[in-house]
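Count residues from 1 along the sequence.
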Amino acid sequence: MNGLNINQQRLLQSIKESSAIGATPNGGLHRLALSIDDKQMRNLLINWFEEEGLSIRVDDFGNMYGRREGKSHHQMPIVIGSHLDTQPCGGRFDGILGVLAALEVVRSLNEANVQTDCPIEIINFTNEEGARFEPPMLGSGGVCGVFEKDFIYSRQDKDGIKFHDALSGIGYKGLKENRLQKAEYFIELHIEQGPILEEEQVEIGVVEGIQGISWISITVEGEMNHAGPTPMENRKDAVVAAAKMIESIDKLAQEYEGLKTTVGQLNVYPNVPNVISGKVEFIVDIRHEEDEQRERALEVMKQQLSTISGLCNVELTFHTSWENDSVTFSEKVIETISKCAEKRNLSTKRMFSGPGHDAKYMVEIAKTGMIFVPSHRGISHNEEEFTRDDDLVNGANLLLDVVCRLSGAKIPKTT
C-alpha cells in the first residue's frame with residue numbers, strides 16, 4: 001500500500017470554502033467566468049499557491065499556474081488541474097474538484113517532503129463552461145492553439161461585454177510568455193457528470209477519450225399571422241415544424257448506438273400568444289465517440305428535417321456553429337491510472353467522456369488522461385450535483401498516486 005495519502009479534512013475544507021463563493025440558495029454555485037465571484041475565487045487560489053511556496057503566473061487568457069519545481073529543471077512538467085468557473089446554477093464539484101484536488105496533491109507532497117524528478121504545475125483554465133462566453137474551453141483552446149487570441153478576446157456575453165474587457169476588468173489579464181508551452185503529462189480529475197459509475201457501483205472511471213461534438217444551429221422560417229382568423233390549412237407555423245423536427249432528432253438517437261442528441265436552446269419569434277410563429281431558431285448538440293458515426297447521423301438528420309420542412313411549407317437553414325472531433329487519451333496514462341487504482345483496491349471501468357473537458361485540447365501538447373469519480377444520479381450543471389466525500393477522496397488519492405508514479409517520486413511504503 002502507498003504510504004502517502006491526501007489530507008481528507010483539508011480537501012473537503014477547500015471545497016467548502018470554494019462553495020461559499022458564488023453560492024446559490026439551493027446549495028449550488030453561480031460563478032461565471034471572469035465575474036466578480038470568479039475573481040474572488042481566483043484570489044483565494046493565489047493565496048493557497050503562495051502558502052505552498054509555488055511560483056505563480058497568469059497568461060494572456062487568464063489561465064492560472066502554480067508551479068512546484070522538481071529535481072530536474074530540464075524536464076517538462078506534469079500538469080494537473082481543471083477549471084473553477086461554473087454554469088449559472090451549477091454544482092460545487094464540476095471542474096472545481098480537479099483544481100482543488102491538484103492543490104491537495106501538492107500540499108501532500110510538500111507536507112511529506114517528497115521530491116519529484118520533474119516539475120508539477122497546477123492549472124486553472126479560464127471559461128471552460130462557456131456559460132458566459134461561447135464556445136466552451138476558451139482558456140485551454142487558446143493555450144493549445146485551437147483558438148486565435150483575437151477570436152477569444154472578441155467573444156461577447158449576453159450583455160455585449162467582450163472577453164478581453166472582462167478579463168482586464170478583474171485584473172487577470174497576464175502575459176503571452178506565461179502560457180504553458182509544452183507538458184509531459186496532463187491529468188484531469190473530474191466528476192463523471194453521468195450515472196454509469198454509480199449505477200454499476202464502480203469507484204473510478206478510467207477515461208479513454210472524449211466524444212466528438214457538433215453544435216448545429218437551425219433556423220425554421222414560416223409566416224407570421226393572426227391566430228384567430230387564419231385557417232389551420234393555410235398556416236406556415238414555424239413552431240409546429242420545429243416541434244416535429246425536434247421529435248425527429250430525439251428519435252434519431254435510437255437508431256445509432258451511443259449517439260446523444262440534445263436540443264437545449266430554443267428561440268421563438270415573435271413569441272406572442274396570439275401570433276402564429278414566423279421563425280424558430282434552435283441548436284442541436286450531437287455527440288458520439290466515433291466521428292464517422294456522428295457525421296453519418298448528422299447527414300441523416302439534415303435529410304429528415306428537410307423532408308419535414310417541405311411537408312410543413314417552411315424554409316430551413318443549417319449552420320455548424322461549433323464542432324470538435326473525438327479524442328483518444330494516452331495509453332501510458334490510462335495504464336498508469338488503472339495500475340494505481342488496482343494498488344488501492346479501487347474498482348474501475350474504462351469509459352469515454354460524453355462532456356467536453358479541457359483535457360480534450362490538452363492532448364495537443366501533452367500525454368493526457370482523465371480520472372472520473374461517481375456523480376449521484378448522474379446530475380450535473382445543476383445545483384443538486386453531488387459526489388460523496390469518500391469518492392472525492394478516492395479520486396484525489398488516485399491523482400496523487402498517478403502524479404508520484406509519473407514524476408519519479410520516491411514514496412515511503414507501509415505494511
*E281 and K279 ion-paired at < 4.0 Å*: yes
*Test: E104 and R10 ion pair at under 4.0 Å*: yes
*Any donor and acceptor pair, going by atom type alone, linking the side chain of H83 with main-chain N or O of T126 inside 3.5 Å?*
no
*In terms of side-chain geometry, is the basic nitrogen of E200 or K349 positioned less than 4.0 Å from the acidic oxygen of its partner?*
yes
*Which residue pairs pass the salt bridge (Lys or Arg N to Asp or Glu O under 4.0 Å) test with at least one member in residues 208-221, sequence neighbours excluded?*
E208-R350
*Do side-chain atoms of T368 reach the backbone of A359 as a donor and acceptor pair under 3.5 angstrom?*
no
*Partners passing ring pair (Phe, Tyr, Trp, His ring centres under 6.0 Å) against F93 (at least two apart in sequence or in another chain)*: none
_Check: Q304 and L252 side chains under 4.5 Å, non-hydrogen atoms_ = yes
*Carboxylate-amine/guanidinium contact R344 E342, below 4.0 Å*: no
*Under 3.5 Å, is there a donor-acceptor pair between the D94 and Q193 side chains?*
yes
*If every non-hydrogen atom of K162 is compared with every non-hydrogen atom of Y153, which pair is closest and at what distance?*
CB-O, 3.7 Å
*Looking only at heavy atoms, what is the nearest atom pair of N397 and I6, with distance?*
OD1-N, 2.8 Å
*Please confirm whether the backbone N or O of H74 pairs with a side-chain atom of S72, one donor and one acceptor, at under 3.5 Å?*
yes
*Specify the closest pair of heavy atoms between G356 and I210, including all atoms of both residues, with the distance to one decimal.*
CA-CG2, 4.0 Å
_Nearest heavy-atom neighbours spanning S82 and G98_ = CB-CA, 3.9 Å
*asked:* We want to know whether N124 and Y65 form a side-chain donor-acceptor pair, criterion being a heavy-atom distance below 3.5 angstrom.
replied: no
*Does the side-chain contact (heavy atoms from CB on, under 4.5 Å) test come out yes or no for L392 and I15, once each step is laid out?*
CA-CA 10 Å; L392 299 173; I15 293 173; 4.0 Å; yes
_Flag side-chain contact, heavy atom, 4.5 Å: F186 against I78_ = no
_Please determine whether a side-chain nitrogen of the Lys or Arg among R31 and D85 lies less than 4.0 Å from a carboxylate oxygen of the Asp or Glu._
no
*Residue among K173, K176, K149 satisfying salt bridge (Lys or Arg N to Asp or Glu O under 4.0 Å) with D60*: K149
_Salt bridge check, K39 against D37: does any charged N sit closer than 4.0 Å to a carboxylate O?_
no
*asked:* On a heavy-atom basis, which atom in I96 and which in S18 lie closest, and how many Å separate them?
replied: CG2-OG, 3.5 Å
*Charged N to carboxylate O below 4.0 Å: is that the case for K251 and E255?*
no
*Using a strict cut-off of less than 4.0 Å between a Lys/Arg side-chain nitrogen and an Asp/Glu carboxylate oxygen, indicate whether R42 and D38 qualify as a salt bridge.*
yes
*asked:* Between the side chains of E121 and R57, is the shortest nitrogen-to-carboxylate-oxygen separation below 4.0 Å, so that they form an ion pair?
replied: yes
*Please confirm whether the backbone N or O of S326 pairs with a side-chain atom of D291, one donor and one acceptor, at under 3.5 Å?*
yes
*Please check if the side chain of N178 supplies one atom and the backbone of V58 the other of a donor-acceptor pair under 3.5 Å.*
yes
*asked:* Less than 4.0 angstrom from a charged side-chain N to a carboxylate O is my criterion; do R388 and E198 meet it?
replied: no
_Hydrogens and angles aside, do T262 and D285 bring a side-chain donor and acceptor to less than 3.5 Å of each other?_
no
*If we only count heavy atoms from C-beta on, is the L138 to F151 side-chain gap below 4.5 Å?*
yes
*Enclosure of Q156 CD (heavy-atom neighbours >12, cutoff 6.0 Å)*: yes
*Is the backbone N or O of P355 less than 3.5 Å from a side-chain atom of S353, with the two atoms forming a donor-acceptor pair by type?*
yes
*Shortest non-hydrogen contact from C404 toward L109*: SG-CD2, 3.8 Å
_Tell me whether D325 is salt-bridged to R294, with the criterion being a basic N under 4.0 Å from an acidic carboxylate O._
yes
*In terms of side-chain geometry, is the basic nitrogen of R377 or E384 positioned less than 4.0 Å from the acidic oxygen of its partner?*
yes
*Taking atom types as modelled and ignoring hydrogens, do the side chains of E129 and H381 form a donor-acceptor contact shorter than 3.5 angstrom?*
yes
